[in-house]
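Numbered from 1 within each chain, the chains take letters A, B, ... in sequence-line order.
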Protein chains: 2
Amino acid sequence: METSEVIDALSALAQESRLSAFRLLVGAGPEGLAAGEIAEALGVAPATLSFHLKMLSHAGLIHSQREGRSIRYMASFDAMGELVDFLTSNCCGGDPGSCLPQRKPRRRAAAGGRR
Amino acid sequence: METSEVIDALSALAQESRLSAFRLLVGAGPEGLAAGEIAEALGVAPATLSFHLKMLSHAGLIHSQREGRSIRYMASFDAMGELVDFLTSNCCGGDPGSCLPQRKPRRRAAAGGRR
DNA sequence: TCCATAGTTCAACCATTATTGAACTATGGA
DNA sequence: TCCATAGTTCAATAATGGTTGAACTATGGA
């Protein structure tokens with residue numbers, strides 16, 4: 001993943017409505033949600049949501065598919081995986097384990113070790 | 001980690017100079033680097049860098065310490081860990097494994113699985 | 001065909017972010 | 001004390017981002 005793509009993905013998620021929309025889509029699973037459902041859930045105007053969805057889409061974090069009159073959006077788990085991959089490999093330095101939580105408790109962290 | 005903090009951290013990293021500065025600090029390890037060394041490495045004006053370091057610092061991603069005439073900055077690995085934690089737990093949906101690369105292939109991983 | 005629904009695009013506006021030179025603060029050394 | 005170095009803060013400006021109403025496109029049904 002190139003750093004310009006990383007920046008696009010981070011910018012896309014660094015905004016309240018978009019982070020909420022993305023989390024909503026992640027929660028919805030592969031089925032996704034129609035634009036209108038997202039707009040209602042978040043309480044944002046259609047034009048505003050459309051703008052945000054476009055950014056998420058441009059960053060590759062979501063994709064869409066027309067279904068009758070609605071357009072269904074779904075999270076791109078692969079893209080998210082790549083982002084997390086980049087962050088763990090490039091931003092977790094000497095002790096990469098420190099940025100992969102769900103793992104074993106990471107032994108004692110030695111007084112003053114990390115942090 | 002609250003979502004407003006997550007947004008601050010994502011915004012902080014969603015900018016070229018800041019992402020570079022952060023990666024540089026991660027690479028430098030716990031020793032960190034003086035502001036001037038970062039400015040030179042990135043080729044940005046001191047005032048500009050100061051502005052960016054303040055944002056990273058405000059987001060909790062780095063911290064600093066005066067050392068003689070210089071101010072030494074270092075990455076906060078804990079904060080980065082919390083961010084990655086948030087992303088993996090909140091943005092990787094039904095198959096959280098899909099966003100935790102360095103783990104074992106978890107059966108079937110589908111051709112082209114992670115990455 | 002006409003109409004209603006679901007979304008998008010456009011243009012204008014306001015808010016936030018990024019960059020810069022100049023002024024300022026803090027430290028160390030003569 | 002005075003001077004030089006290392007950074008920060010300030011104020012002004014330029015560039016991006018976010019929101020909105022209005023106009024537009026696409027689909028489905030009568």
Side-chain angles (χ1 to χ4, degrees), chain A residues 3-25 28 31-76, chain B residues 3-25 28 31-76:
Chain A
T3 89
S4 70
E5 300 176 271
V6 171
I7 288 176
D8 284 350
L10 292 171
S11 312
L13 294 175
Q15 203 275 345
E16 200 178 335
S17 301
R18 289 195 296 266
L19 182 59
S20 303
F22 185 72
R23 292 181 65 184
L24 204 59
L25 289 176
E31 309 267 293
L33 289 171
E37 299 178 291
I38 304 173
E40 202 198 359
L42 304 187
V44 306
T48 306
L49 182 74
S50 204
F51 167 81
H52 290 311
L53 290 176
K54 209 165 101 182
M55 300 210 75
L56 284 166
S57 181
H58 178 264
L61 289 167
I62 63 174
H63 50 110
S64 61
Q65 187 179 312
R66 181 171 274 280
E67 216 172 285
R69 282 180 240 200
S70 338
I71 295 179
R72 185 163 287 274
Y73 284 87
M74 30 256 172
S76 293
Chain B
T3 91
S4 69
E5 300 176 273
V6 171
I7 289 175
D8 284 350
L10 292 170
S11 313
L13 294 175
Q15 204 276 347
E16 200 178 336
S17 301
R18 289 195 297 263
L19 183 59
S20 303
F22 186 71
R23 291 182 65 183
L24 203 61
L25 289 177
E31 309 268 292
L33 290 170
E37 299 177 291
I38 304 173
E40 202 196 1
L42 304 187
V44 305
T48 305
L49 182 74
S50 205
F51 167 80
H52 289 311
L53 291 176
K54 210 164 101 181
M55 301 212 75
L56 284 167
S57 180
H58 178 262
L61 290 166
I62 62 174
H63 50 110
S64 61
Q65 188 179 313
R66 181 172 275 281
E67 216 171 285
R69 281 181 241 203
S70 340
I71 295 180
R72 185 163 287 275
Y73 285 86
M74 31 256 172
S76 293

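For the pair B:Gln15/B:Phe22, no side-chain contact is recorded, criterion being any heavy-atom separation below 4.5 Å from C-beta on. Contact of the A:Arg18 side chain with the A:Leu61 side chain is not registered, since no non-hydrogen atoms from C-beta on lie closer than 4.5 Å. Here the side chains of B:Met74 and B:Glu31 are not in contact, with every heavy-atom distance at 4.5 Å or above.
Taking atom CD of residue A:Gln65 and atom C1' of nucleotide D:dT27, one finds them 15 Å apart after rounding to whole Å. Nucleotide D:dT19 holds its C1' atom 15 Å from the CG atom of A:Leu42, rounded to whole Å. In this entry the distance linking CD1 of A:Ile71 with P of D:dA26 reads 11 Å, nearest Å. For the pair A:Leu53 CG and C:dA6 C1', the interatomic distance rounds to 13 Å; values are reported in whole Å. The CD atom of B:Glu37 sits 13 Å away from the C1' atom of D:dG7 (whole-angstrom rounding). Rounded to an integer number of Å, the gap from CD of A:Glu40 to C1' of C:dT5 is 15 Å. One interatomic measurement links the two molecules: CZ of B:Phe51 to C1' of C:dT16, which rounds to 9 Å at whole-angstrom precision. Distance A:Leu49 CG to D:dT20 P: 12 Å, rounded to the nearest Å.
At D:dG17, none of the side-chain N or O atoms of A:Arg18 fall inside 4.0 Å of OP1 or OP2 (strictly under the cut-off). OP1 or OP2 of C:dT19 has at least one side-chain nitrogen or oxygen of B:His52 nearer than 4.0 Å.
Among the protein residues, A:Arg72 comes within range of no part of the nucleic acid, since none of its heavy atoms lies under 4.0 Å from any strand. Base engagement by B:Thr48 is indicated by at least one non-hydrogen atom pair under 4.0 Å involving a base atom. Residue A:Ala47 is classed as a base contact, given a heavy-atom separation below 4.0 Å to a base. Among the atoms of the strands shown, only primed sugar atoms or phosphate atoms (P, OP1, OP2) are found under 4.0 Å from some heavy atom of B:Ala34. Contacts of A:Ser70 with the nucleic acid, taken as non-hydrogen atoms under 4.0 Å apart, involve only primed sugar atoms and P, OP1 or OP2.
When each of C:dG7, C:dT8, C:dA18 is scored by its nearest atom to the side-chain atoms of B:Gln15, the top-ranked nucleotide is C:dA18. Listed nucleotides C:dT5, C:dT20, D:dT9 differ in distance to A:Arg69; the shortest reach to its side chain belongs to C:dT5. Side chain of B:Lys54, nearest nucleotide from D:dT9, D:dG7, D:dT20: D:dT9. With C:dA18, C:dT27, D:dG18 as the choices, the nucleotide that has an atom nearest any side-chain atom of B:Arg66 turns out to be C:dT27. Side-chain proximity of B:Pro46 to C:dT8, D:dT8, D:dG18: nearest is D:dT8. In this structure, the nucleotide among C:dG7, C:dT19, D:dG18 sitting nearest to the side chain of A:Tyr73 is C:dG7.
Searching all strands for a Watson-Crick or G-U wobble partner of D:dT19 with both distances below 3.5 Å returns C:dA12. D:dG28: Watson-Crick or G-U partner is C:dC3, with both key distances under 3.5 Å.
Atoms CG and CD1, from B:Leu33 and B:Ile71 in turn, are 14.0 Å apart once rounded to the nearest 0.5 Å.
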Step by step, would you call A:His52 with A:Val44 a side chain to side chain contact (heavy atoms under 4.5 Å, CB included)?
CA-CA 10 Å; A:His52 290 311; A:Val44 306; 5.6 Å; no
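The number of heavy atoms from other shown groups lying within 6.0 Å of NE2 (A:His58) does not exceed 12.
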